[in-house]
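Some notes on the structure that comes next.
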Amino acid sequence: MSQKIRAIKGMEDLFATKPVQVWQSIEAQARSLFERAGFQEIRTPIVEETALFERGVGETTEIVEKEMYTFKDRNDKSLSLRPEGTASVVRAFIEHFTDHQIQEGRFYYMGPMFRYENPQKGRYRQFHQIGVECFGQDHPGLDAEIIFLLDQLLRSLHLNQFELKINSLGSSECRQNYLSALKEYFTEHRSQLAEEDLQRLERNPLRILDSKEPQSQEVIGQAPDLSDYLSSENQSHFLAVQNFLKNLGVPFQVDSRMVRGLDYYEKTVFEFISTDLGAQSAIAGGGRYNRLVKSLGGPVVPAIGFALGMERLVSLLSADRLNLKSLTKIFFAALDEESEKYFSALLPQTRQLSAVTQVDWGSSSLKSKMKRAARWGAEWVVLSGESEQQKGVLILRDMKASTQEEIAREQLLDVLKRISE
RNA sequence: GUGGGUGUAGCUCAGGUGGUUAGAGCGCCAGGUUGUGGCCCUGGAGGCCGUGGGUUCAAGUCCCAUCACUCACCCCA
């Protein structure tokens with residue numbers, strides 16, 4: 001036997017009926033909500049020039065430094081599979097929309113993203129995101145509207161057990177000031193920090209704030225607070241966001257230690273987390289990125305967006321709460337060739353029914369046909385063999401009740417229509 | 001990249017301190033029941049015990065390596 005080819009590590013086939021239905025219903029719900037909020041779908045390529053992500057996501061981020069699927073094409077150009085959605089949407093926005101007088105746009109997307117990481121619960125190399133990007137305004141009301149949209153989506157899916165954390169990172173100047181203050185503070189107290197965190201001190205002091213090292217907690221607790229370094233304009237923006245959220249009835253917690261891993265965020269950032277998701281607690285996250293459009297070569301256009309992790313969300317949703325509707329299953333069992341031809345000729349009409357219909361081709365025994373019907377989950381079996389042929393009738397079996405009746409051929413479609421409602 | 005756990009039948013898993021022909025449940029196939037699924041009974045197929053090497057008279061079992069899966073760190077959705 002030749003070597004079995006398997007799916008790539010961290011990439012999954014999704015095929016079982018129930019999970020697929022859950023995905024479909026999430027996607028449908030998202031579309032419906034987003035469209036009503038004035039967003040239009042955008043589908044960008046999965047592959048982009050590597051430089052887009054380097055400049056967009058940030059060259060020193062974890063994602064770009066060691067998690068990208070990067071390769072050369074036949075022309076020796078460096079390409080990468082997208083590790084996230086925002087950079088591509090911004091690129092497309094600059095390419096197609098910024099020549100208008102009004103530089104605005106509301107977009108949503110859904111699709112696979114790729115990061116070369118070691119897989120674990122809630123983390124994959126190919127994973128799927130649903131995201132939203134909104135260009136053109138820097139208003140706290142919009143920040144709240146975007147958060148509300150995401151909150152609404154999660155609630156409409158009957159997701160329980162999640163909470164919203166928000167924070168403001170301030171503008172880049174505020175952040176610079178804060179960063180140096182933070183660095184100074186941790187350097188002073190370096191003896192009390194854990195080994196791990198000493199390394200972070202060099203690379204990215206912000207990360208020490210959400211360190212889980214027990215040893216460091218005390219120092220972290222007394223570290224300078226980002227909120228003290230926000231400019232008054234940023235402070236009032238953040239307060240306004242909170243007030244708008246209250247108006248909208250969206251519960252939230254301010255977490256002044258929350259920092260996010262992508263470089264482009266500033267001002268409002270937020271994260272939806274779940275307590276019963278294992279170590280990967282973030283279901284969705286996002287924030288404002290007012291300078292990204294410009295730094296990718298576009299005009300100055302403020303923007304805000306979020307991304308939602310499909311796999312994580314799906315793992316939290318129980319299929320029965322989504323009340324997935326399933327169609328009646330009708331199985332056609334033909335016992336001779338004449339009956340096969342008859343069922344075949346019937347297909348154009350049976351496919352009009354709001355039912356799942358399946359013809360069992362081939363000359364296996366009735367017993368094995370019945371077995372197949374049961375295994376498939378058929379609720380009804382339409383049976384035809386030689387004697388039915390001669391009498392011009394069919395047998396309709398109710399699999400659940402284990403009863404059956406003879407019906408005239410002419411009545412079949414009416415009867416099927418009735419049972420599939 | 002680092003650490004832990006697990007790899008035995010299609011699936012879920014048993015197989016003290018090495019010992020002769022590797023098991024169970026479920027599933028699958030056939031028959032009991034000639035044209036009727038589930039329940040029951042009988043029978044059957046299906047295993048290089050992840051892979052490679054080593055120790056031993058003897059390895060599913062011990063040792064080393066390697067691969068895969070999985071959880072966790074890091075980071076993120």
Side-chain angles (χ1 to χ4, degrees), chain A residues 1 3-4 6-10 12 57-58 60-67 82-86 110-131 150 154 194-197 199-200 203-204 206-208 210-213 258-262 265 270-274 277-286 305-316 331 333-336 339 360 363-389 395-404:
Chain A
M1 201 172 78
Q3 193 81 46
K4 203 190 281 179
R6 322 183 45 149
I8 307 286
K9 184 192 191 88
E12 290 194 320
V57 180
T60 58
T61 55
E62 204 72 16
I63 293 176
V64 169
E65 269 184 350
K66 38 187 217 201
E67 294 175 0
R82 62 182 186 196
E84 55 101 54
T86 301
M110 38 188 77
M113 308 293 162
F114 303 84
R115 290 182 200 173
Y116 192 87
E117 304 178 88
N118 268 338
Q120 67 188 68
K121 193 176 177 61
R123 147 180 291 173
Y124 306 91
R125 288 186 173 181
Q126 181 185 88
F127 61 102
H128 296 75
Q129 288 187 336
I130 295 181
L150 181 49
L154 297 179
E195 182 67 26
E196 285 272 315
D197 291 320
Q199 287 169 26
R200 292 192 178 112
R203 292 206 317 268
N204 192 348
L206 275 179
R207 295 250 73 96
I208 301 179
D210 47 24
S211 161
K212 285 155 199 146
E213 302 288 332
M258 182 178 66
V259 291
R260 297 188 49 78
L262 287 74
Y265 288 122
F270 52 94
E271 223 168 67
F272 283 80
I273 61 174
S274 167
L277 201 56
Q280 313 304 320
S281 57
I283 313 164
F306 67 75
L308 163 73
M310 277 297 270
E311 284 82 356
R312 290 182 186 179
L313 177 59
V314 168
S315 78
L316 288 171
F331 188 91
L335 291 175
D336 62 349
S339 303
D360 189 49
S363 59
S364 51
S365 69
L366 177 56
K367 185 171 179 161
S368 75
K369 278 178 192 295
M370 290 302 291
K371 246 181 165 166
R372 259 203 295 276
R375 204 182 321 152
W376 179 55
E379 289 150 272
W380 300 89
V381 172
V382 179
L383 181 62
S384 173
E386 223 171 307
S387 66
E388 287 77 18
Q389 280 289 332
I395 290 174
L396 178 67
R397 182 172 179 83
D398 180 336
M399 293 296 274
K400 283 208 179 105
S402 291
T403 55
Q404 60 190 41

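Residue numbers start from 1 in every chain, and the chains themselves are labelled A, B, ... in the order their sequence lines are given, proteins ahead of strands.
- Ring geometry, A:F331 versus A:W376: the interplanar angle falls from 30° to 60°, so the pair is classed tilted.
- In terms of heavy-atom proximity, A:A333 sits nearest to A:K369 at CB-CD, 4.0 Å.
- Within a 6.0 Å radius of CD in A:E386, no more than 12 heavy atoms belonging to other residues, nucleotides or ligands are found.
- The side chain of A:M370 sits closest to B:rU36 out of B:rU36, B:rC71, B:rG35.
- Between A:K367 atom NZ and B:rG32 atom P there is a gap of 7 Å when expressed in whole angstrom units.
- Donor-acceptor pairing under 3.5 Å, judged by distance alone, is present between the side chain of A:S402 and the base of B:rG37.
- Remark: C1' of B:rU36 and CG of A:L366 are 4 Å apart, rounded to the nearest angstrom.
- With both ends at atom C1', the span from B:rG18 to B:rG27 equals 33 Å, rounded to whole Å.
- Figure legend. B:rA72 is base-paired to B:rU2; pairs are counted as Watson-Crick or G-U wobble with both atom distances under 3.5 Å.
- Residue contacts shown for A:L383 include a base, since a base heavy atom lies under 4.0 Å away.
- Within 4.0 Å (heavy atoms only), A:S387 reaches at least one base atom of the nucleic acid.
- Across all strands, A:R372 comes closer than 4.0 Å to no nucleic acid atom at all (heavy-atom distances).
- As judged by a 4.0 angstrom heavy-atom cut-off over every strand, A:Q126 is placed among residues making no nucleic acid contact.
- For A:Q120, the side-chain atoms get nearest to B:rC71 when compared with the rest of B:rG35, B:rU36, B:rC71.
- Distance noted for atom P between B:rA22 and B:rU61: 15 Å (whole Å).
- Residue order along RNA chain B, read from the 5' end via each residue's closest nucleotide, puts A:R375 first among A:L335 and A:R375.
- Between the side chain of A:E311 and the backbone N or O of A:H128 there is at least one donor-acceptor pair closer than 3.5 Å.
- The only option from A:Q126, A:R82, A:E84 that meets the side chain to side chain contact (heavy atoms under 4.5 Å, CB included) definition with A:R115 turns out to be A:E84.
- In this entry B:rC40 has B:rG32 as its Watson-Crick or G-U wobble partner, both defining distances falling under 3.5 Å.
- Annotation: B:rA30 and B:rG37 have their P atoms spaced 12 Å apart (nearest Å).
- Proximity note for A:I395 (side chain, C-beta onward) versus B:rC75, B:rC29, B:rU36: the nearest is B:rU36.
- When each of A:R125 and A:K66 is assigned the nucleotide of RNA chain B bearing its nearest heavy atom, the one mapping closer to the 5' terminus is A:K66.
- Regarding A:N118, its CG atom lies at a distance of 9 Å from the P atom of B:rU2, rounded to whole Å.
- Listed nucleotides: B:rC75, B:rG1, B:rA77. Nearest to the side chain of A:E67: B:rC75.
- Across all strands shown, B:rC26 forms a Watson-Crick or G-U wobble pair, both distances under 3.5 Å, with B:rG10.
- Look at CG on A:D360: it is 16 Å from P on B:rU36, rounded to the nearest Å.
- No contact: A:E84 has no heavy atom under 4.0 Å from any strand.
- Candidate nucleotides B:rC71, B:rA77, B:rU36 were compared by shortest atom distance to the side chain of A:K121, and B:rC71 ranks first.
- Straight-line distance between the C1' atoms of B:rG47 and B:rG54: roughly 24 Å, to the nearest whole Å.
- If you take atom C1' in B:rA68 and the same atom in B:rA58, they sit 30 Å apart, rounded to whole Å.
- Rounded to whole Å, atom P of B:rA77 lies 13 Å from atom CD of A:E311.
- Look at the P atom in both B:rU12 and B:rG50: the space between them is 14 Å, to the nearest Å.
- Within 4.0 Å of A:A284, counting heavy atoms only, lie sugar-phosphate atoms of the nucleic acid but no base atom.
- Shown here for A:G10 and A:P119, the closest heavy-atom pair between the two residues is CA-CG, 3.8 Å.
- If you check distances only, the side chain of A:E65 never reaches the base of B:rG1 with a donor-acceptor pair under 3.5 Å.
- Between A:K9 and the phosphate of B:rC69, there is a side-chain N or O to OP1/OP2 separation shorter than 4.0 Å.
- Checking B:rU56 for Watson-Crick or G-U wobble geometry (two distances, each under 3.5 Å) identifies no partner in any strand.
- A straight line from CD of A:E271 to P of B:rC75 spans 13 Å, rounded to a whole angstrom.
- The separation of B:rA14 from B:rU6, taken at their P atoms, amounts to 10 Å, rounded to a whole angstrom.
- For A:R115 and B:rC75, the CZ to C1' distance is 9 Å, given to the nearest whole Å.
- The CD atom of A:E388 sits 13 Å away from the P atom of B:rG35 (whole-angstrom rounding).
- No donor-acceptor distance shorter than 3.5 angstrom exists from the side chain of A:S384 to the backbone of A:S339, with no hydrogens or angles considered.
- A gap of 31 Å separates the C1' atoms of B:rU42 and B:rU20, to the nearest Å.
- A:R397 places no side-chain N or O within donor-acceptor distance of the main-chain N or O of A:Q404, the cut-off being under 3.5 Å.
- Looking at the side chain of A:M399, the nearest of the listed nucleotides B:rC75, B:rA77, B:rG37 is B:rG37.
- Across all strands shown, nothing is found opposite B:rG18 as a Watson-Crick or G-U wobble partner with both distances under 3.5 Å.
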